[in-house]
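Take a look at the structure below.
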Amino acid sequence: MGIPQQLEARLREAARVVLPDADTAGLLVRPCADKRFGDYQTSGLMPLAKARGLDPRKLAAEVCAKLDVRDLCDEVTAAGQGFINFRLKPAALVPVFEAAARGEHLFFDKATVPRTVVVDYSSPNVAKPMHVGHIRSTIIGDSIARILRLLGHRVITDNHIGDWGTQFGMLLLGWKRYLNPAALESDPIAEMERVYKLVNAECEKDPATLQAARAELVKLQRGDPENRRLWEQMVTLSRREFDRLYARLDVQFDYTLGESFYNPRLEPLVNEFVARGIARESEGAIVVFFDEPADAELRNYPLIIRKSDGAFNYATTDLATLVYRIETWRPDEIIYVTDARQKLHFAQVFAAFRRFMPEARVRLAHVWFGTILGEDGKPFRTRAGDTVKLADLLDEAEERALKIVTEKNPSLPEAQRREIARVVGIGAVKYADLMQNRETDYVFRWDKLLALDGNTAPYLQYAYTRIASIFRKGQVAQIEPRLVFEAPEELALAKHMLNFGLVLENAANEYRPNFICNFLYELAVRFSAFYENCPVLQAPEPLRLSRLTLCHLAAQILKTGLGVLGIRTLEQM
RNA sequence: GCACCCAUAGCUCAAUUGGAUAGAGCAUCUGACUACGGAUCAGAAGGUUGCAGGUUCGACUCCUGCUGGGUGCGCCA
């Protein structure tokens with residue numbers, strides 16, 4: 001158990017002595033925002049005092065008197081309106097750090113009760129290029145999956161690709177009429193997109209073309225062998241392109257079960273909804289109405305699960321997907337990572353699902369993120385103007401990084417510079433996206449995504465390489481863990497590391513990778529201060545070993561923390 | 001029309017169950033390279049947290065109203 005967790009446990013014990021019947025679940029110990037107060041604080045006694053009509057200062061003082069943390073803290077004080085502040089005793093860090101340096105832990109605990117969590121993210125559409133709009137879902141989803149895995153949970157990632165739907169009528173028609181085989185060879189998705197757009201434009205003017213496209217769709221849906229074959233080819237070609245991008249992004253999926261996978265399940269599902277009275281016919285469609293008090297906010301937003309023409313829509317597919325996941329993996333939780341525009345849709349699907357399987361205890365989370373805006377602050381519309389393809393963005397990022405690596409380190413062989421540029425460029429793009437609160441709208445700016453200075457991934461990677469450089473230069477392979485504190489920068493660095501576990505937990509609970517970015521950036525800032533003020537290799541023993549221990553652990557946290565963001569570290573850059 | 005989301009420094013963003021004096025980066029200005037990588041560091045400046053009320057010991061955070069922007073709303077996904 002980590003130090004903040006121990007403080008919290010002791011605090012709760014003391015609070016129970018003073019207030020035997022109190023619910024201490026809300027009694028949390030958190031790092032002090034202002035270090036002048038101490039290292040950790042609790043503000044949780046004030047609500048308890050208020051509920052009982054007690055004087056919060058007095059309560060804090062009483063709990064403080066019962067609090068036995070002499071082994072961990074120099075100073076524990078009741079302060080302000082009813083806070084308790086803790087200041088750690090440097091000696092208390094020694095066993096924790098020595099254990100960490102021996103590889104026994106890295107300042108976090110694995111979950112005692114592992115959960116099974118399905119994470120649904122990325123979900124590109126067949127025959128369309130992945131553009132910047134897919135970056136957030138892919139990167140945030142991947143990071144959430146990595147965080148949960150690090151914390152010891154069983155994670156199942158599933159890429160719910162758009163491989164079915166009405167667009168295939170036009171695609172099939174376009175394929176048959178306008179396909180350029182050579183273009184398909186060199187850039188399949190671009191060519192599929194081209195013929196799709198051609199037919200789409202034609203349909204708007206010419207009813208006959210629209211009719212023909214619909215006929216192709218019907219043939220596909222009825223299992224026509226020719227159309228089925230073409231459709232399979234479209235899916236295969238698209239997935240090959242997606243996989244190329246996922247490889248560049250270092251993103252993997254356990255499953256890629258697209259919408260088409262659920263086709264056989266749609267009709268039986270709708271029938272059961274109707275048979276059980278959850279859905280009913282309305283204006284020719286089959287609709288779920290939310291008339292129960294629990295679903296009051298959806299009262300005016302019914303959910304169509306079968307269209308009046310008999311076809312199913314994405315709500316049907318999402319419900320079938322949900323049921324399949326429950327039956328197949330028995331998850332404790334399912335996480336959907338999509339943009340904010342789908343909030344109502346998921347609220348509807350989740351509510352319909354609760355009616356269908358009220359006994360399911362699964363937690364359903366729609367992890368949404370802000371709309372992508374252009375630099376003018378208006379929504380970034382792919383249809384209207386320039387769509388920035390993800391592949392082009394990554395190319396540009398790597399090019400910029402290569403230029404800088406070549407400037408800084410011209411003596412490195414080109415292959416190595418290219419590899420560094422790849423890790424730095426992709427890392428910068430990911431970090432720029434992950435570091436901000438996912439709920440705020442996302443302004444797409446080349447400069448922001450490709451920035452290599454300031455609070456960016458390269459800054460963190462650079463801190464890591466400086467540490468690697470120390471070990472290289474000192475020819476230090478293994479260290480005997482020691483810990484002595486001389487300079488204030490050493491203590492500040494060490495204390496920060498203790499919070500890695502809290503941050504991982506918070507990031508997992510709130511689905512907010514940016515908490516980890518903040519933590520790592522602060523770690524790197526503290527490391528830089530340490531680096532400026534505390535010579536390592538030239539320090540006399542035992543200071544040298546102690547500083548090497550701090551360096552080693554800071555590097556481990558940087559590597560692991562960047563790792564759960566999907567960002568790699570380098571020994572040299 | 002109804003619902004949801006957002007508004008924080010010039011710009012892009014943080015702010016850990018409602019907690020103490022709202023923090024970073026970029027840009028601007030001033031400094032620091034004969035210590036382990038200057039993709040760095042130290043410092044300055046920059047704020048009526050959209051407006052007006054309310055709840056609270058305490059509000060960027062919760063409630064109400066308003067302004068401005070965005071998104072969605074039975075047969076696209």
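Proteins get letters first, then strands, A, B, ... in listed order; numbering begins at 1 in each.
Phosphate proximity of C76(B) to K307(A): present, with a side-chain N or O under 4.0 Å from OP1 or OP2. For the OP1/OP2 pair of A15(B) and a distance below 4.0 Å, the side-chain nitrogens and oxygens of N514(A) include at least one atom meeting the criterion. Contact check, Y464(A) against A39(B): no side-chain N or O comes under 4.0 Å of OP1 or OP2. The phosphate of U12(B) has neither OP1 nor OP2 within less than 4.0 Å of any side-chain N or O from T440(A). Regarding contacts with the backbone of C76(B), every side-chain N or O of R341(A) stays at 4.0 angstrom or more from both OP1 and OP2.
In this structure, L45(A) places its CG atom 14 Å from C1' of U17(B), rounding to the nearest Å. The interatomic distance linking D309(A) (CG) with C76(B) (P) rounds to 8 Å, in whole Å. What separates CZ of R299(A) from P of G1(B) is a distance of 22 Å, to the nearest Å. Rounding to whole angstrom units, CZ of residue R445(A) and P of U12(B) are separated by 7 Å. Atom NZ in K343(A) sits roughly 15 Å away from atom P in A3(B) (whole-Å rounding). Nucleotide A14(B) holds its P atom 10 Å from the CZ atom of F515(A), rounded to whole Å. As rounded to whole Å, 15 Å separates atom C1' of A14(B) from atom CG of L434(A).
You'll find that the side chain of R30(A) is closest to U16(B), out of G19(B), A14(B), U16(B). Residue A79(A) places its side chain closer to A20(B) than to any other of C11(B), A20(B), C57(B). Taking every side-chain heavy atom of K448(A) into account, U12(B) is the closest of A14(B), U12(B), A39(B). Side-chain proximity of N85(A) to the nucleotides A20(B), U16(B), C4(B) is greatest for A20(B). The side chain of N300(A) lies closest to C2(B) when the candidates are C41(B), C2(B), A77(B).
In this model, a side-chain donor or acceptor of S308(A) finds a partner on the base of C75(B) within 3.5 Å.
To the nearest whole angstrom, the two C1' atoms, one in A9(B) and one in U48(B), are 13 Å apart.
Ring to ring, F261(A) and H160(A) are not that close: their centroids are 6.0 angstrom or more apart. Two rings, from F290(A) and Y301(A), have their centers 6.0 Å or more apart.
In this structure, H366(A) and F346(A) have tilted ring planes: the angle between them lies in the 30° to 60° band. Note: W231(A) and W164(A) have perpendicular aromatic rings, judged against thresholds of 30 and 60 degrees for the angle between ring planes.
By the neighbour-count criterion of 12 heavy atoms within 6.0 Å, atom CD of E541(A) is densely surrounded, having more than that number from other residues, nucleotides or ligands.
Residue-level contact check: A340(A) touches neither bases nor backbone, having no heavy atom under 4.0 Å from any strand. At a threshold of 4.0 angstrom between heavy atoms, the contacts of D339(A) with the nucleic acid are absent.
Pair assignment for G31(B) gives C41(B), based on Watson-Crick or G-U wobble hydrogen-bonding distances that are each under 3.5 Å. Base pairing annotation: G47(B) forms no Watson-Crick or G-U wobble pair, as no partner gives both donor-acceptor distances under 3.5 Å. Taking a pair to require two hydrogen-bonding distances under 3.5 Å in either a Watson-Crick or a G-U wobble arrangement, A3(B) pairs with U71(B). Across all strands shown, G58(B) forms no Watson-Crick or G-U wobble pair with both distances under 3.5 Å. A 3.5 Å limit on both hydrogen-bonding distances identifies no Watson-Crick or G-U partner for U8(B). For U16(B), there is no paired base (Watson-Crick or G-U wobble, both distances below 3.5 Å).
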Verdict with supporting geometry, N437(A) and R512(A), side-chain contact (heavy atoms from CB on, under 4.5 Å): CA-CA 7 Å; N437(A) 184 334; R512(A) 293 270 300 269; 3.4 Å; yes
Verdict with reasoning, V337(A) to F369(A), per side-chain contact (heavy atoms from CB on, under 4.5 Å): CA-CA 8 Å; V337(A) 186; F369(A) 49 83; 4.0 Å; yes
Pair Y262(A)-D318(A), side-chain hydrogen bond (donor to acceptor under 3.5 Å, both in side chains): steps then yes or no: CA-CA 9 Å; Y262(A) 300 95; D318(A) 278 351; over 6 Å; no
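When each of Y121(A), F350(A), Y511(A), W368(A) is tested with Y336(A) by the rule ring-ring contact (aromatic ring centres under 6.0 Å, His included), just one qualifies, namely F350(A).
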Heavy-atom protein contacts under 4.0 Å, nucleotides 30-37 of chain B, coded B base, S sugar-phosphate only, - none: -----BBB
Contact letters for nucleotides 21-26 of chain B, in which S counts primed atoms plus P, OP1 and OP2 and B counts the base, heavy atoms under 4.0 Å: B--SSS
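By the side-chain contact (heavy atoms from CB on, under 4.5 Å) test, N518(A) is found to be paired with N514(A), residues two or more places apart in sequence or in another chain being considered.
Salt bridge annotation for K197(A)-E193(A): present, with a cationic side-chain nitrogen under 4.0 angstrom from a carboxylate oxygen. Electrostatic pairing of R12(A) and E8(A) counts as a salt bridge here, judged by a charged N lying under 4.0 Å from a carboxylate O.
In this structure, F83(A) forms no aromatic stack with the base of G19(B), since the conditions of centre separation below 5.5 Å and plane angle below 30° are not both met.
Sequence order on RNA chain B of the closest nucleotides to G26(A) and G165(A) puts G26(A) first from the 5' end. Mapped onto RNA chain B by nearest heavy atom, F289(A) and Q81(A) fall at different nucleotides, with Q81(A) at the one closer to the 5' end.
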